[in-house]
Amino acid sequence: DWFLMPNAGYYFMQNACEPLHIQFNPLKQEVMVINRTYKPAGNLQAVVDVYGTDSKSLFHEQKSVNLNGTDVKEIISLSEVLNANKRLLFVVLNLKDASGKVISHNVYWLSADDDYKSLNDLEGSSVETVAGRGVSNKVQINWTMTITNKSDRIAFFMRPQLMAGNNEVLPSWWSASYFTLAPGENKTVTVSCPINEIKGKKTWLKISGWNVKSQQVNVY
């Protein structure tokens with residue numbers, strides 16, 4: 001935007017355009033996988049979980065998936081669990097490759113009556129962030145970090161920020177932001193920025209979320 005700050009919509013669109021993507025179809029209440037690579041993709045595993053706002057598991061299913069070059073497949077129905085639970089629910093979707101690496105991660109929060117007030121009652125969660133050393137050239141510097149939900153509660157709407165002194169570094173380019181992690185999940189993200197924006201300044205990561213207290217991780 002005008003302030004050089006990508007908003008949540010940018011990251012959600014970026015996620016939606018993944019070459020291999022897992023998503024939820026709310027009209028049919030089906031989980032779908034999409035292949036936009038124009039190449040076959042085999043030995044994939046789709047992992048589908050549904051949680052209540054108390055982070056208790058209401059549904060879990062894992063299914064093997066093989067896709068042709070332009071396949072769109074409906075693989076798992078969630079109609080039974082969604083119709084049986086009219087309260088706010090979290091649908092957590094992961095698509096893994098043959099090695100077990102997550103190649104698509106997607107989360108939905110759904111309410112049958114469009115009442116999302118219970119998000120304000122989520123119990124607190126906590127995460128651990130491990131950041132690697134910065135890698136730089138004459139123009140920019142970048143970091144890779146892994147954010148892990150160590151708690152037994154969903155860490156909702158996580159937003160990492162790159163800070164220099166007391167201000168956010170803008171522009172800074174993240175591989176993902178505003179993401180949600182189920183208990184035990186982790187996500188590896190990268191961030192880069194113009195190196196001139198941080199020279200001579202204490203540089204750190206601010207990691208926070210809807211129900212996660214802000215934490216500071218020094219990186220430079």
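These figures come from a predicted structure and were not determined experimentally.
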List the atom of [X], the atom of [Y], and the distance in Å for their closest heavy-atom pair.
| X | Y | value |
| --- | --- | --- |
| Gly52 | Ile154 | O-CD1, 4.3 Å |
| Ile147 | Pro160 | CD1-CB, 4.4 Å |
| Thr53 | Arg87 | N-NH1, 4.0 Å |
| Ser111 | Leu88 | CB-CD1, 4.0 Å |
| Asn149 | Val127 | CA-CG1, 4.1 Å |
| Gln23 | Ile34 | OE1-CD1, 3.3 Å |

Exercise for the section: Go through the structure and list residues passing ring pair (Phe, Tyr, Trp, His ring centres under 6.0 Å) with Tyr11, not counting sequence neighbours. Expected result: none
Handout entry: Listed partners of Tyr51 passing ring pair (Phe, Tyr, Trp, His ring centres under 6.0 Å), at least two apart
Key = none
Could you grab the distance from atom [atom1] of [X] to atom [atom2] of [Y], nearest 0.5 Å is fine?
| X | Y | atom1 | atom2 | answer |
| --- | --- | --- | --- | --- |
| Gln45 | Gln62 | CD | CD | 4.5 Å |
| Phe12 | Asn7 | CZ | CG | 9.5 Å |
| Trp174 | Gln161 | CH2 | CD | 8.5 Å |
| Leu122 | Phe156 | CG | CZ | 7.0 Å |
| Leu95 | His105 | CG | NE2 | 12.5 Å |
| Lys73 | Asn68 | NZ | CG | 6.5 Å |

Handout entry: Gln216 side chain to Asn218 side chain, donor-acceptor N/O pair below 3.5 angstrom
Key = yes
Problem - Exercise: do Ser208 and Gln215 side chains pair donor with acceptor under 3.5 Å - result: no
Handout entry: Ser126 (side chain) donor-acceptor with Ser151 (main chain) under 3.5 angstrom
Key = no
Practice task
Kindly say whether Ile22 contributes a backbone atom to a donor-acceptor pair with the side chain of Asn106 at under 3.5 angstrom?
Solution key: yes
Test of understanding: clusters of I, L, V, M, F, W, Y form through side-chain heavy atoms closer than 4.5 Å, transitively. Do [X] and [Y] belong to the same one?
| X | Y | value |
| --- | --- | --- |
| Leu181 | Ile207 | yes |
| Val47 | Val31 | no |
| Val91 | Val107 | no |
| Leu119 | Leu110 | no |
| Tyr220 | Val217 | yes |

Handout entry: Side chain to side chain, Lys86 and Asp113, heavy atoms closer than 4.5 Å
Key = no
Handout entry: Side chain proximity check, Phe24 to Val48, heavy atoms < 4.5 angstrom
Key = no
Exercise for the section: For the pair Leu44 and Leu67, evaluate side chain to side chain contact (heavy atoms under 4.5 Å, CB included) and give the outcome as yes or no after the intermediate values. Expected result: CA-CA 8 Å; Leu44 305 177; Leu67 301 172; 3.9 Å; yes
Fill in the blank from the handout: Residue set satisfying salt bridge (Lys or Arg N to Asp or Glu O under 4.0 Å) with Glu30, at least two apart, ordered chain then number -> none
Practice task
Please list all pairs passing the salt bridge (charged side-chain N to carboxylate O under 4.0 Å, His left out) test where one or both residues lie in residues 124-143, with sequence neighbours left out.
Solution key: Glu128-Lys150
Handout entry: Salt-bridge present (Lys56, Asp54; N to O < 4.0 Å)
Key = no
Practice task
Evaluate the criterion side chain to side chain contact (heavy atoms under 4.5 Å, CB included) for residue pair Phe90 and Val50; output intermediate values, then yes/no.
Solution key: CA-CA 6 Å; Phe90 293 95; Val50 179; over 6 Å; no
Practice task
Test Phe59 against every option in Val92, Asn85, Asp49, Ile76 by the side chain to side chain contact (heavy atoms under 4.5 Å, CB included) rule and name the one that passes.
Solution key: Ile76
Exercise for the section: Kindly assign one of parallel, tilted or perpendicular to the pair Phe157 and Tyr178, based on the angle between their ring planes and the thresholds 30° and 60°. Expected result: tilted
Exercise for the section: Could you work out the complete set of other residues in the hydrophobic cluster of Trp2, with links drawn between I, L, V, M, F, W and Y side chains under 4.5 Å apart? Expected result: Phe3
List, one per line, each side-chain donor-acceptor pair under 3.5 Å for residues 182-197, sequence neighbours excluded.
from, atom 1, to, atom 2, distance (Å)
Glu185, OE1, Ala182, N, 2.9
Glu185, OE2, Asn94, ND2, 2.7
Thr188, OG1, Thr146, OG1, 3.0

Problem - Neighbour count >12 (heavy atoms, 6.0 Å) for atom CG, Asn83 - result: yes
